[in-house]
Number of protein chains: 2
Amino acid sequence: MTGYEIHQGIEASIGHFWSESYGQIYPVLKDLEAAGLVTADAAASGRGRKFTITEAGRVELRQLLVGLGDPPPPRNTLLLQLFFGRELGPEWCRARIAEARAQAEEQLTHFDALAAEVAAEVGYEEQQVYWSSTIAFGRAMAAALIAWADEVTPTFGVD
Amino acid sequence: MTGYEIHQGIEASIGHFWSESYGQIYPVLKDLEAAGLVTADAAASGRGRKFTITEAGRVELRQLLVGLGDPPPPRNTLLLQLFFGRELGPEWCRARIAEARAQAEEQLTHFDALAAEVAAEVGYEEQQVYWSSTIAFGRAMAAALIAWADEVTPTFGVD
DNA sequence: TCCGTCATGTAAATGGTTACATGATTCG
DNA sequence: CGAATCATGTAACCATTTACATGACGGA
């Protein structure tokens, strides 16, 4: 894939759980090439350079994945707002929760569409279990948010 | 509160959804004081400086909370590992999911304890709705993760 | 021809953590 | 007395985003 395609690919697949910017992708691609972890060929279509992971790269990838440390410290803006909800009032909080709920609803349909796509794909049978469970995770979290919203919304009295 | 107490307080309350390091807290406390958004008094107990938010600070806080933009791009290590699960094998993935599940189980009991604490607290009735729903969110997410883990674990065949 | 997409990159700023240094106080 | 905790701060480092600059190619 080209650097561009990598970016597009991330957005389209695990975009909900991970992200990388071009400012990140291109420099590391250069480093990876220098380290022999990927090789680059001029794309058949002429423009761009297609990168392919090498065996050494695959080994490195495995190590990297296994050794992945703790995720970065949490930064949940919705929860921070809710925690200081008294400053903002119940009305505002209810609206904010409704907004988050609507977003989760959208995600839910998006994940369902993704799941159908993955299930229909041929030639990637070995991957399906992994991708499906990734998508199922997103689905589960979105559904849980919706349920939570419905549960707590009534507890906010009127102003 | 002193800077130290602020840090401890964050850890103990919304620690699961937000975090700040000392390297962040002390410098901004200084800036806030200079801007008149907090005032500082020598603590009664002698050591440390207790900070109190001013009215101007409260106004600023409200604006800040309302204007909070999108959360930082996602970085879910578990999901990244799962996405590349084929590289790591079903055995490894199942173990990783079990680990996450166990952690969620711990969180669940932790949140329950927190909820009981909050409910028992007197003098903060106005806050309870907000804190309770914050805790309920954590509970809901942890529970959803457990349910998800139980759902997907059997789909991973043996090596 | 011109617009949108494909494609590559860089520079600066940012936001934040980590590690370290320092010392007072309390409690066993 | 010594250890743990309370308490404050700084410097270095870091990963990352943002904004920008550039240009080729395909199709309307």
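Throughout, a chain's letter reflects where its sequence line sits, starting with A, and its residues are numbered from 1.
Atom CD of Glu11(A) is separated from atom P of dT17(D) by 10 Å (rounded to the nearest Å). The distance from atom NE2 of His7(B) to atom P of dT8(D) is 13 Å, rounded to the nearest whole Å. Distance Arg49(B) CZ to dA7(D) P: 13 Å, rounded to the nearest Å. A straight line from NZ of Lys50(A) to C1' of dT8(C) spans 14 Å, rounded to a whole angstrom. Taking atom CD of residue Glu5(A) and atom P of nucleotide dC6(C), one finds them 9 Å apart after rounding to whole Å. As a whole-Å value, the separation of Met1(A) CE from dC6(C) C1' is 14 Å. Remark: C1' of dA7(D) and CD of Gln8(B) are 10 Å apart, rounded to the nearest angstrom.
A donor-acceptor pair is defined here as one N or O able to donate and one able to accept, closer than 3.5 Å; such a pair exists between the side chain of Thr153(A) and the backbone of Ala149(A). Judged purely by atom type and a 3.5 angstrom limit, Thr54(B) uses its side chain to pair as donor or acceptor with the backbone of Leu37(B).
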Using distance only, find each side-chain donor-acceptor pair of residues 131-142 of chain A under 3.5 Å and give its atom names and separation, not counting sequence neighbours.
unit_1	atom_1	unit_2	atom_2	d
Trp131(A)	NE1	Phe83(B)	O	3.3
Ser132(A)	OG	Gln128(A)	O	2.7
Ser133(A)	OG	Val129(A)	O	2.9
Ser133(A)	OG	Tyr130(A)	O	3.0
Thr134(A)	OG1	Tyr130(A)	O	2.8
Arg139(A)	NE	Asp112(A)	OD1	2.5
Arg139(A)	NH2	Asp112(A)	OD1	3.4
Arg139(A)	NH2	Asp112(A)	OD2	3.4

Please set out all donor-acceptor pairs under 3.5 angstrom arising from side-chain atoms of residues 59-72 of chain B, sequence neighbours excluded.
unit_1	atom_1	unit_2	atom_2	d
Arg62(B)	NH1	Glu87(A)	OE1	3.0

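Between Tyr4(B) and Tyr22(B), the ring planes are parallel. Angles under 30° get that label, and only those over 60° would be called perpendicular.
Contact check, Thr2(B) against dC6(D): no side-chain N or O comes under 4.0 Å of OP1 or OP2.
Each of Val38(B), Thr39(B), Thr2(B), Asp41(B) was scored for a side chain to side chain contact (heavy atoms under 4.5 Å, CB included) with Phe51(B), with one residue passing: Val38(B).
Note: Arg101(B) CZ to Arg96(B) CZ = 14.5 Å, rounded to the nearest 0.5 Å.
Summary for the helix from dT1(C)-dA28(D) to dG28(C)-dC1(D): the axes at its two ends, each from 5 pairs, differ by 30° when rounded to the nearest 10 degrees.
Between dT8(D), dC6(C), dT25(C), one nucleotide has an atom nearer to the side chain of Arg47(B) than all others, and that is dT25(C).
Residues from residues 16-33 of chain A placing a heavy atom under 4.0 Å of any atom in DNA chain D, listed by number, are Ser19(A), Ser21(A), Gly23(A), Gln24(A). Residues of residues 56-83 of chain B that place a heavy atom closer than 4.0 Å to DNA chain D, in numerical order, are Pro73(B), Arg75(B).
Hydrophobic clustering of Ile, Leu, Val, Met, Phe, Trp and Tyr side chains at less than 4.5 Å, counting indirect connections, keeps Ile10(B) apart from Phe17(B).
By the neighbour-count criterion of 12 heavy atoms within 6.0 Å, atom CD of Gln103(B) is sparsely surrounded, having that number or fewer from other residues, nucleotides or ligands.
Residue Met1(B) comes nearest to Glu5(B) through the heavy atom pair CA-OE1, 3.2 Å, listed as atom of the first residue, atom of the second, then distance.
Leu108(B) belongs to a hydrophobic cluster whose other members, connected by ILVMFWY side-chain contacts under 4.5 Å either directly or through intermediates, are Ile146(B).
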